[in-house]
Amino acid sequence: MKINEVSKKYHIASDTLRYWERVGAIPAVTRDSAGYRNYDNEDLDWVSFAMCMRDAGVSVEYLIDYISLFKQGKQTVQARKDLLNDQLEIVSARLAKMQKSYNKLKYKVDHYEKIDKDYEGKMGKH
């Protein structure tokens, strides 16, 4: 799959894909005989992983560290697991904070819906 197809499929800019590859946030993408990027299933899995991590707020620097460890082989499994666990804790804390914000917003919306219903009830009595 060419970079433009990947860009459309994942709704991500081609420049972002090139950047991630250049800095090491995803492993080097398979190239065809002319040197053009030709994303295979493994490459797409890495793009999907990077997108997921970025959507969760994981920094590009952490992705670079993770990929660097991955390239070093099986002896880095524990280090990769530790890195992911660190990020999991950070995302969990962020998620709890977001849930608190969501609950407050939901409370306010429910409050205003009750006010609207009370107002409509009073208006209907006249």
- Query: Which atoms form the tightest heavy-atom contact between A56 and V91, and what is the distance?
  - Reply: O-CG2, 3.5 Å

- Message: Nearest 0.5 Å, please: how far is OH in Y102 from CE in M98?
- Response: 11.0 Å

- Say whether, by atom type as modelled, one donor and one acceptor occur between the side chain of R54 and the main chain of L63 under 3.5 angstrom. no

- Message: For the backbone of A79 and the side chain of T76, can you confirm whether one donor and one acceptor N or O come within less than 3.5 Å of each other?
- Response: no

- Query: How long is the span from the CZ atom in R22 to the CG atom in D15, to the nearest 0.5 Å?
  - Reply: 9.0 Å

- Task: State whether the side chain of D86 and the backbone N or O of L83 hold a donor-acceptor pair below 3.5 Å, judged by distance alone.
- Result: no

- Task: Find out if a path of hydrophobic residues (ILVMFWY) with successive side-chain heavy-atom gaps under 4.5 Å connects Y36 to M1.
- Result: no

- Message: Which label fits H111 and Y107: parallel for a plane angle under 30°, tilted from 30 to 60°, or perpendicular past 60°?
- Response: parallel

- Where do A25 and V60 come nearest, in terms of heavy atoms and distance? CB-CG1, 4.1 Å

- Message: Whether the side chain of N38 engages the backbone of R31 through a donor-acceptor N/O pair (distance < 3.5 Å, no angle test) should be reported.
- Response: no

- Item | Heavy-atom neighbours of K2 NZ exceed 12 at 6.0 Å | yes

- Task: Measure the CG-OH distance between L84 and Y62 for me, rounded to the nearest 0.5 Å.
- Result: 11.0 Å

- Item | R80 CZ to D65 CG distance, which is reported to the nearest 0.5 Å | 13.0 Å

- Task: Looking only at non-hydrogen atoms, find the nearest pair between I26 and A50 and report the distance.
- Result: CG2-CB, 3.7 Å

- Item | Cationic N near anionic O, under 4.0 Å, D110 to K106 | yes

- Going by atom types alone, do Q99 and N103 pair a side-chain donor with an acceptor below 3.5 Å? yes

- Message: Tell me whether S7 contacts the main-chain N or O of I12 through its side chain, where contact means a donor paired with an acceptor under 3.5 Å.
- Response: yes

- Before giving the answer on side-chain contact (heavy atoms from CB on, under 4.5 Å), spell out for W46 and E21 the whole-Å C-alpha distance, their side-chain angles and the decisive distance to 0.1 Å. CA-CA 10 Å; W46 282 113; E21 183 183 1; over 6 Å; no

- Message: With a 4.5 Å cut-off on side-chain heavy-atom distances among I, L, V, M, F, W and Y, is there a chain of contacts connecting I90 to L88?
- Response: no

- Note on the structure: When rounded to the nearest 0.5 Å, the distance separating NE2 of H11 from CE of M51 is 8.0 Å

- Message: Would you compute the distance between atom CG of L44 and atom NZ of K9 and round it to the nearest 0.5 angstrom?
- Response: 5.5 Å

- Task: Given side-chain hydrogen bond (donor to acceptor under 3.5 Å, both in side chains), test D82 with Q78 step by step and report yes or no.
- Result: CA-CA 6 Å; D82 292 344; Q78 186 60 51; 2.8 Å; yes

- Task: Given side-chain contact (heavy atoms from CB on, under 4.5 Å), test D45 with F49 step by step and report yes or no.
- Result: CA-CA 6 Å; D45 287 345; F49 175 75; over 6 Å; no

- Query: What heavy-atom pair brings I67 and P27 nearest, and what distance separates the two atoms?
  - Reply: CD1-CD, 3.8 Å

- Query: Counting only heavy atoms not in E5, do more than 12 sit closer than 6.0 Å to its CD atom?
  - Reply: yes

- After noting the C-alpha distance and the side-chain angles of Y66 and M53, does the key distance pass the side-chain contact (heavy atoms from CB on, under 4.5 Å) rule? CA-CA 11 Å; Y66 182 85; M53 295 296 102; over 6 Å; no

